[in-house]
Amino acid sequence: MSNLRTEEFDINMGPHHPSTHGVCRLLLTMDGEKVVKVVPYIGYLHRAIEKICENRTYAMCIPILDRFEYVTAMSCNYVFSLAAERLSGIEVPERAEYLRVIMLELNRIASHLIFFGTTAMDIGALTPFLYALREREYIMDLFEMTCGQRLTYNYIRVGGVSKDIPNEFTPKCRETVATISDKVEEYKRLLNGNPIWKMRTIGVGKLDADLALAYGVSGPILRASGVDYDLRRDDPYSIYDRFDYNIPIYQNGDVYDRYMIRLDEIQESCKIVAQALDQIEDGPIRAKVSPNFKPAAGETYTRIENSRGEMGVYLVSDGTKKPFRVKARGGSYPHLQLLPEIATNCMIADLVAIFASFDVILPEVDR
Amino acid sequence: MGIIKKLPVYSEKIPGGGIVTTSVEQVLNFAQAKSLWYLLFGTACCAIELMCTGASRYDFDRLGMIFRASPRQADLIIAAGTITKKMAPRLRTLYDQMAEPRYVIAMGGCTIKGGPFYYDSYSVEKGIEHIIPVDVFIPGCPPRPESLLEGCITLQKQIQQRKLGDWQEK
Amino acid sequence: MIAVGITVALKEILASFGLSGGLLSVVTYAILASATFGLLSVLALFLVWWERKIAGHMQQRFGPMRNGWHGWYQTLVDGLKLLQKEDVRVATRDKVVFFWAPVMCFIAAFAAYIVIPFGDGLIVADLNIGILYIMAITTFTVISLLMAGWGSNNKYALLGGMRSAAQVVSYEVPMVASILVVVLYAGSLSTVDIVNSQAGNFLNWNIFRVPYGPLAFLTYLVAAIAEANRTPFDLAEAEQELVAGFNIEYSGMKFAMFFLAEFINLFTVSAIAVILFFGGWHGFEFIPSFVWFFLKTFAVVFLLIMIRWTYPRMRVDQLMEFAWKFLVPLTFLNIIIAAIFKHFGWYWEL
Amino acid sequence: MNNEELKAYIESHYGSQLTYNEAGKYDLLFEVDASNLVTVCEKLKNDSELLFDYFCNLSGADTTERFEAIYNLASTKKKIRLDIKVILPHENPVVNSVQTIWPAANWYEREMWELYGIHINNHDNLTRFLLHDEWDEGFPMRKDWDAPDFIRFPDL
């Protein structure tokens with residue numbers, strides 16, 4: 001058999017492919033079922049968000065940045081507002097901070113639910129995807145109740161939030177959070193004991209801590225590799241120090257750990273939301289900020305912990321009403337860059353699983 | 001399907017043949033309208049809403065719409081999300097790969113005229129109408145699942161009003 | 001109860017019209033074949049609808065709702081639409097292979113039904129090598145998938161075709177080995193004989209003949225899912241990896257043929273499971289035998305559909321490992337146990 | 001280590017190469033000469049007091065008179081942040097690659113080259129990846145860039 005002549009062949013995965021989660025092209029060199037080489041090609045969704053922001057006022061930048069990472073658009077709103085506030089030293093009212101935390105954490109849950117669904121789907125189990133989206137709809141209801149949109153919110157503004165929550169929000173939110181916390185247990189029961197699921201995830205796509213740090217990997221993927229680094233605690237912003245929550249850490253850095261850590265994070269986020277709902281008090285929701293708000297000249301790189309890792313905005317102001325430079329940094333960008341390092345010499349099915357476990361969202365990469 | 005295309009030519013020569021044409025037309029259009037298999041194509045924000053529409057609460061399957069990953073087997077391409085200049089040739093290829101009769105729904109502002117990326121963007125295609133022919137436009141950024149369902153039902157109605165052989169001309 | 005075999009009855013009727021000799025056989029079998037074909041086509045349409053409904057309800061949605069009561073003619077509409085679709089023929093295809101692949105898949109799926117007894121006497125031909133014939137003819141499916149993969153001149157399709165070939169060849173072994181256990185007891189390869197050996201009390205069904213029966217059933221079921229290319233073994237199509245696998249370049253009617261064949265295969269493996277392990281058409285006397293057969297088969301189909309929408313997909317190397325390192329030894333062991341039990345007569349005959 | 005301590009530490013140890021820039025509002029911003037960049041970065045990464053092991057971001061900027069490249073660094077062990085700015089001339093901007101120190105910089109540098117036209121020395125794969133393959137209209141993120149089908153937002 002050894003003298004049988006074989007040949008490697010190239011296969012184009014994407015830009016239109018069910019498991020690239022958008023429009024990413026992976027050029028695979030295959031040896032039969034084995035992937036010998038992966039070269040990611042991006043840019044199919046490069047929409048020049050940074051260029052657009054340079055010609056808009058600060059208030060108009062926020063809806064554009066919504067589309068930068070639409071699965072957690074609240075984080076995009078927040079990180080930009082935070083950067084602008086840091087430049088001009090605006091104090092955000094207490095209630096607005098709580099509302100921001102509630103929305104950010106709800107959005108993190110929504111994003112992790114999408115991760116859970118799409119990962120399960122990419123590994124071949126279709127039903128968990130629909131379960132996850134069913135729970136996500138409850139969160140969408142809450143957002144809709146608050147700001148009228150399901151996906152791109154424009155809710156967190158410079159100086160506060162745009163609207164107060166309606167009265168029925170609090171009970172509904174408590175109920176939703178409790179339900180989702182229970183449902184996560186159900187998901188774990190659904191998949192964790194399944195031998196096929198274990199075979200497909202445990203030990204697949206191992207990422208060790210050194211490689212992860214070298215490539216600028218952040219967020220759940222970094223923590224699944226055993227590095228205890230969460231910006232909510234280590235580069236504190238907002239009022240996260242007032243809540244009692246754990247930061248889950250896993251050690252193996254394989255697909256299974258990356259999947260488990262997100263399920264755990266959903267439950268932790270549920271805890272934070274419940275506590276925030278307990279602590280929140282009445283008060284103003286927005287500091288006085290003019291629509292043509294002009295921050296002081298200066299620059300800052302602001303980063304927050306998003307569901308996909310570190311989300312940052314490098315904002316330069318020259319003292320006019322338009323930002324001079326906006327550079328958005330998404331968590332997926334380094335993750336996709338890392339893909340060839342850990343996906344070479346695995347089976348094509350593993351490549352799909354690894355790609356799914358990175359939870360790459362292409363607009364965040366392409367911008 | 002050359003025979004069906006020729007059907008009106010032959011049937012109208014015989015007396016009463018128009019009835020045959022009309023009823024065949026109705027049945028065939030009905031079949032096309034009620035079984036729109038859509039291509040799993042999504043680029044940006046709208047793709048998430050497309051996923052939601054396929055999921056439990058809104059459920060495309062009620063309308064008989066299921067997704068196919070291969071363009072050969074799809075009837076409908078829901079262009080969900082921004083189409084950039086880099087993506088445009090690929091969208092055209094996908095459309096060309098689909099088998100006739102094929103339909104296009106342009107979902108969201110970006111596919112209609114570039115949406116929020118109309119100004120100041122050097123890489124966004126300003127509308128997909130000059131790349132592929134569009135049957136139904138759905139405005140919104142992104143459109144709600146209800147709008148998408150409404151758009152699909154509109155397309156179904158459009159298909160049912162077609163004359164035999166119309167879809168060959170497109 | 002139809003006491004006389006349907007073939008015999010039909011022959012008598014035709015003979016009364018004055019037909020005789022070779023012509024009589026040809027006409028008889030032609031009629032029966034078309035009847036089976038018609039029945040199965042309707043059945044396949046129904047199965048597709050059924051699968052979509054079950055999947056929908058498992059996923060907390062409804063599935064087709066708009067076409068008729070709970071969308072009962074949805075698949076009919078789909079079929080009519082596929083009939084109208086353009087038949088895309090890729091310029092770089094292998095013309096002959098590309099054309100014949102779906103046809104062969106279709107024929108292979110239907111041909112198995114010659115020896116499947118739908119009820120007491122409701123069988124086209126009671127071949128004395130019935131089970132062997134089924135095994136042989138269903139393997140043609142894999143050749144057709146390989147042909148589709150090769151003929152499409154598409155790398156995804158080729159990968160899908162190769163996967164399915166490797167898979168079906170591997171799983172054929174444990175499948176035959178699990179069937180052998182039943183054959184050992186029935187002492188015959190004929191499907192009718194196998195069913196009749198389980199007559200009488202339902203405890204005579206092979207599945208209840210401890211300890212080898214349930215095990216043989218489970219190994220058969222696993223192998224059968226792999227043969228029918230369904231999740232967790234649907235590697236040939238593997239939507240998330242290979243887009244649509246072997247049928248990626250097929251459209252219109254050719255795709256419909258693959259699609260229907262897949263569902264016919266689903267019914268075939270379920271029907272064989274019923275024949276081998278659940279006593280075929282046997283049941284309480286007051287319900288017609290074919291009703292029993294269909295009830296049992298649909299129960300197995302239901303199980304397979306539930307499995308499909310629950311499990312993740314296996315990886316191709318794990319699939320092979322599972323077949324050769326686990327299933328094959330297990331089924332061989334089972335044959336030995338069964339042979340010992342048979343030799344010493346440690347089984348009941350109620 | 002808070003910002004004052006970090007500033008004092010850097011000024012005492014790296015005073016010759018890094019100069020403090022007060023444009024940085026929340027985190028510290030230091031300027032470095034383009035020729036010193038790689039050596040300084042290497043030291044910053046290996047300094048046992050700083051350990052900047054984490055490369056957050058690299059952004060280019062065009063001020064119409066000059067180009068800037070801003071490196072945002074962080075340390076996961078010491079929990080500190082630092083920004084480094086390199087100022088480049090508007091004609092023929094060149095900067096050395098830091099991907100030997102942080103492999104993460106690879107794509108950021110590639111992007112900066114593509115959108116701003118800042119050439120990267122010693123980069124292993126300086127090819128186009130965000131813009132489409134036939135792009136020949138220059139570097140779109142530059143402030144003075146224009147193209148026939150480029151529509152500016154009406155002035156506010």
Side-chain angles (χ1 to χ4, degrees), chain A residues 40-44 46 48 50-52 54-57 60 83 86-89 210-211 213-218 222 227-229 231 233-235 292 295-303 310 312-318 321-322 324-327 329 333-334 336-338 341 365-367, chain D residues 21-27 29 45 53-63 68 70-83 85 99 101-108 110-112 114-115 125 127-133 135 140-143 145 150 152-156:
Chain A
Y41 287 88
I42 60 168
Y44 293 95
H46 180 59
E50 291 166 8
K51 184 86 176 170
I52 294 171
E54 284 178 14
N55 205 12
R56 299 283 197 278
T57 64
M60 290 161 83
R86 279 183 182 173
L87 278 181
S88 51
D210 292 337
L211 187 68
L213 274 177
Y215 269 90
V217 169
S218 53
L222 187 64
V227 181
D228 191 1
Y229 191 57
L231 298 180
R233 184 194 61 206
D234 297 331
D235 190 3
N292 277 338
E299 54 189 79
T300 170
Y301 175 71
T302 307
R303 53 188 194 147
E310 174 181 324
V313 159
Y314 172 68
L315 181 64
V316 186
S317 159
D318 56 354
K321 60 185 177 180
K322 294 177 189 172
F324 184 76
R325 169 86 170 105
V326 178
K327 156 91 191 186
R329 187 260 198 213
Y333 194 70
L336 192 56
Q337 188 182 344
L338 171 71
E341 293 288 324
V365 178
D366 296 341
R367 283 151 294 136
Chain D
N21 184 332
E22 56 192 20
K25 287 296 175 207
Y26 188 80
D27 294 305
L29 175 66
K45 190 190 175 187
D53 52 354
Y54 186 77
F55 186 88
C56 298
N57 187 21
L58 161 63
S59 23
D62 174 20
T63 62
E68 291 170 356
I70 298 95
Y71 296 76
N72 309 115
L73 311 176
S75 165
T76 55
K77 296 181 182 73
K78 305 282 174 186
K79 326 279 188 211
I80 44 177
R81 276 258 304 106
L82 182 73
D83 296 345
K85 183 186 270 188
Q99 57 163 306
I101 307 164
W102 300 287
N106 191 322
W107 276 19
Y108 292 100
R110 210 170 145 189
E111 181 193 328
M112 195 164 78
E114 187 174 7
L115 299 181
N125 184 18
T127 48
R128 204 171 279 299
F129 73 152
L130 278 178
L131 302 169
H132 62 86
D133 308 336
W135 182 270
M141 283 300 284
R142 289 187 177 183
K143 290 272 178 188
W145 181 84
F150 181 65
R152 283 206 171 273
F153 195 67
D155 212 17
L156 301 163

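Here is how names work: the chains are called A, B, and so on, in the same order as the sequence lines, proteins then strands, and each is numbered from 1. For the numbers below, each heavy atom of this structure counts, side chains included, while hydrogens, waters and symmetry mates do not. Everything quoted here is computed from the prediction, not taken from an experiment.
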Between D/K85 and A/E299, does any NZ, NE, NH1 or NH2 come within less than 4.0 Å of an OD or OE carboxylate oxygen? yes
For D/E111 and A/R367, run side-chain contact (heavy atoms from CB on, under 4.5 Å): C-alpha distance rounded to whole Å, both residues' side-chain angles, the deciding distance at 0.1 Å, then the answer. CA-CA 11 Å; D/E111 181 193 328; A/R367 283 151 294 136; 2.9 Å; yes
Audit row: D/K143, A/F324, side-chain contact (heavy atoms from CB on, under 4.5 Å) steps and yes/no: CA-CA 10 Å; D/K143 290 272 178 188; A/F324 184 76; 3.8 Å; yes
Looking at A/L222, A/T300, A/D234, which has the largest count of heavy-atom pairs under 4.5 Å with chain D? A/D234
Check A/D366 against D/L130 and note the closest heavy-atom contact, atom names and distance. O-CD2, 3.9 Å
Is there a donor-acceptor pair closer than 3.5 Å between any side-chain N or O of A/Q337 and the backbone N or O of D/P103? yes
Minimal heavy-atom distance between A/K51 and D/R142, with the atoms involved, is NZ-O, 3.1 Å
Treating A/R325 as the side-chain partner and D/T63 as the backbone partner, does any N or O pair qualify as donor plus acceptor under 3.5 Å? no
Could you grab the distance from atom CG of D/L115 to atom CD of A/E50, nearest 0.5 Å is fine? 7.5 Å
To the nearest 0.5 Å, atom OG1 of D/T76 lies from atom CG of A/D235 at 12.5 Å
For side-chain contact (heavy atoms from CB on, under 4.5 Å), just list the numbers for A/Y229 and D/K79, CA-CA rounded to whole Å, side-chain angles, deciding distance to a tenth of an Å, and then say yes or no. CA-CA 9 Å; A/Y229 191 57; D/K79 326 279 188 211; 4.3 Å; yes
Interchain contact, D/D62 with chain A, by part (heavy-atom threshold 4.5 Å): backbone
Taking side chain as C-beta onward, heavy atoms only, is D/Y54 less than 4.5 Å from A/S218? yes
Applying the ring pair (Phe, Tyr, Trp, His ring centres under 6.0 Å) test to D/Y108, which of A/Y215, A/Y333, A/Y314 qualifies? A/Y333
Region of D/K77 that comes under 4.5 Å of a non-hydrogen atom in chain A: side chain
D/F129, part contacting chain A, at a heavy-atom distance under 4.5 Å: both
For A/D318, which atoms come within 4.5 Å of any heavy atom of chain D: side chain, backbone, both, or neither? neither
For chain A, find which of D/I101, D/D53, D/I70 contributes the most heavy-atom pairs closer than 4.5 angstrom. D/I70
List the residues meeting salt bridge (Lys or Arg N to Asp or Glu O under 4.0 Å) with A/D210, not counting sequence neighbours, and say none if there are none. none
For the pair A/Y301 (side chain) and D/D27 (backbone), establish whether a donor and an acceptor sit closer than 3.5 Å, ignoring hydrogens and angles. no
For a quick test of reading the model, state the closest non-hydrogen atom pair linking D/C56 to A/R303 and the distance between them. SG-NH1, 3.6 Å
Between D/N57 and A/K327, what is the shortest heavy-atom contact and its length? OD1-CE, 3.2 Å
